[in-house]
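Every chain is numbered from 1, with letters handed out A, B, ... down the list of sequences.
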Number of protein chains: 2
Amino acid sequence: MQLADAKNQFVAAWGSFGSNWGINRTMAQIHAYLLVSTQPQSTEDIMQQLSVSRGNANMNIRELINWGLVDRVVVHGERKEYFQAEKDIWKVARIIVRERKKRELEPMLKFIESLQQVNEGGTEADIQAFQQTMEGIRKFGRQTDQAMEAMLKAEESWLVSTLLKLVK
Amino acid sequence: MQLADAKNQFVAAWGSFGSNWGINRTMAQIHAYLLVSTQPQSTEDIMQQLSVSRGNANMNIRELINWGLVDRVVVHGERKEYFQAEKDIWKVARIIVRERKKRELEPMLKFIESLQQVNEGGTEADIQAFQQTMEGIRKFGRQTDQAMEAMLKAEESWLVSTLLKLVK
DNA sequence: TTTTTCTTTCAGAAATAATTGAAAGTTTAG
DNA sequence: CTAAACTTTCAATTATTTCTGAAAGAAAAA
């Protein structure tokens, strides 16, 4: 199999994988493209390789930098900006977990907790049922939060080395 | 706080939370609505409460049943179908993990593995760099897959009780 | 069988999200 | 300072996803 074909397939697949998870296609594709580029790439390179406009490229590169998945790098003697992706997949995963935890999980948990203050507008039993449903979600959310926290602090091998033992 | 308000807020929030994760808004809202309903609800109920069309309601209910998150139930003496959601959040989480693992993670892993067969079209170093990137993703994917497998088999408390120890 | 009740389908419409590209803004070089 | 090189912005356009509602299909009742 040809290297160039494999890279193209990877970029396309990463794009559609991303959109299944609420990440826009172009952002995921740029990330994939930088992951399989050996050299830092310019905006022009990205526009040309992925056939996207300058505005689109700029916006999504910026968002990737924002997440901490991509860095600007200076290429000696060149004026324009170049970009490269973090290649260590474990670091990438940690960044994504950290960001989604902060941006989505934590606000959701606060919200659920605020809903537990219900105290009128229904029978005792109805209120209790609602509170229990919220409590289930809250507990699960807290556990997920703690698990993510653990992952962020743990070593690369945390998952398998400990969980496999657990299953046995 | 009023019970009815809390329920409405929950439905709305769950809908927008879902769309951040690639789940369509109405599907998430129907799920949320059934989660906070004490009685099984009919299609009519759902249409009315969420202000959605019959087609939309039908389609998303079916998809929820497909995932295993919602069941059809027979209400004594009634002809039409009623629906209720699984209320145990841990069961819900397991179902979602199982389905996404099957639908997305496993196919992605197969695909990445297929890309590791690259063997021409670049310098030795370039090919190696690509293969290493793929290997990183593959390893991470395999570990995630195993962790999910562990979760599916483990008890409710698997996350915290074991991972917190790990962090210390 | 015929009617009634309920469920499913799907083409078109509406809503939402992503993208373009030209213009404005910024930075560096001369 | 002025021009050139590069980056950012954003209104308008395009693409994608979701939703509607009427019609067709199915199942139960009469």
Side-chain angles (χ1 to χ4, degrees), chain A residues 11-34 39-67 70-84 103-104, chain B residues 11-34 39-67 70-84 103-104:
Chain A
V11 169
W14 210 240
S16 78
F17 195 65
S19 42
N20 272 122
W21 288 90
I23 288 150
N24 110 14
R25 180 182 244 68
T26 303
M27 181 169 153
Q29 286 186 341
I30 293 175
H31 185 223
Y33 174 63
L34 293 176
Q39 302 300 315
Q41 303 289 302
S42 69
T43 302
E44 301 283 339
D45 295 332
I46 290 168
M47 287 167 60
Q48 206 246 309
Q49 289 297 315
L50 304 182
S51 306
V52 297
S53 71
R54 186 174 299 285
N56 195 11
N58 183 267
M59 183 171 67
N60 285 295
I61 290 167
R62 198 142 33 83
E63 188 66 4
L64 285 164
I65 291 172
N66 227 286
W67 276 67
V70 165
D71 289 323
R72 291 179 214 270
V73 297
V74 174
V75 170
H76 177 74
E78 290 267 11
R79 183 165 155 194
K80 68 179 146 199
E81 294 181 326
Y82 284 78
F83 306 98
Q84 76 187 357
R103 296 175 191 212
E104 291 155 27
Chain B
V11 168
W14 210 240
S16 78
F17 194 66
S19 43
N20 271 124
W21 289 90
I23 288 150
N24 109 17
R25 179 182 245 66
T26 303
M27 182 168 152
Q29 286 186 342
I30 293 175
H31 186 224
Y33 174 63
L34 292 175
Q39 301 302 314
Q41 304 289 304
S42 69
T43 302
E44 301 283 340
D45 296 332
I46 291 167
M47 286 167 59
Q48 207 246 309
Q49 289 297 316
L50 304 182
S51 307
V52 297
S53 71
R54 186 173 299 285
N56 194 10
N58 182 270
M59 183 171 66
N60 285 295
I61 292 167
R62 198 142 32 83
E63 189 65 4
L64 285 164
I65 291 173
N66 227 287
W67 275 66
V70 165
D71 289 322
R72 290 179 214 269
V73 297
V74 174
V75 170
H76 177 74
E78 289 269 10
R79 184 164 155 195
K80 66 180 148 198
E81 295 181 325
Y82 284 78
F83 306 98
Q84 75 186 359
R103 296 174 191 211
E104 291 156 26

Under 4.0 Å from OP1 or OP2 of C:dT8: is there any side-chain N or O of B:Asn58 that close? yes
Intermediate values then yes/no, side chain to side chain contact (heavy atoms under 4.5 Å, CB included), A:Leu34 and A:Ile61: CA-CA 10 Å; A:Leu34 293 176; A:Ile61 290 167; 5.9 Å; no
Go through the steps to decide whether B:Gln39 and B:Gln41 satisfy the test side chain to side chain contact (heavy atoms under 4.5 Å, CB included), and finish with yes or no. CA-CA 6 Å; B:Gln39 301 302 314; B:Gln41 304 289 304; 4.1 Å; yes
Please enumerate all residues that pass side-chain contact (heavy atoms from CB on, under 4.5 Å) together with B:Asn24, with sequence neighbours excluded. B:Thr26, B:Met27, B:Asn60
Nt span of DNA chain D in reach of chain A heavy atoms at under 4.0 Å, 5' end first, is D:dA4 to D:dT9
A:Ser42: which residues meet the side-chain contact (heavy atoms from CB on, under 4.5 Å) condition with it, sequence neighbours left out? A:Glu44, A:Asp45, A:Lys80, A:Tyr82
Interatomic distance where CD belongs to B:Glu44 and P belongs to C:dT5 [whole Å]: 12 Å
Between B:Arg62 and B:Asn66, a side-chain donor and acceptor under 3.5 Å: no
Could you encode protein contacts along nucleotides 17-29 of chain C as a string, one character per nucleotide from 5' to 3', using B for base contact, S for sugar-phosphate-only contact and - for no contact, with a heavy-atom cut-off of under 4.0 Å? -SBBB-----BB-
Interatomic distance where CG belongs to B:Asn20 and C1' belongs to C:dT16 [whole Å]: 14 Å
What donor-acceptor contacts under 3.5 angstrom involve side-chain atoms of residues 11-23 of chain A, with partners at least two apart or in another chain?
residue: A:Ser16; atom: OG; partner: A:Ala13; partner atom: O; Å: 3.4
residue: A:Ser19; atom: OG; partner: A:Gly15; partner atom: O; Å: 3.3
residue: A:Ser19; atom: OG; partner: A:Ser16; partner atom: O; Å: 3.2
residue: A:Ser19; atom: OG; partner: A:Arg25; partner atom: NH1; Å: 3.1
residue: A:Trp21; atom: NE1; partner: B:Glu104; partner atom: OE1; Å: 2.9

Closest contact, heavy atoms only, A:Ala57 versus A:Met47: CB-CG, 3.9 Å
With sequence neighbours excluded, what pairs up with A:Arg72 under the side-chain contact (heavy atoms from CB on, under 4.5 Å) test? A:Ile65, A:Glu81, A:Phe83
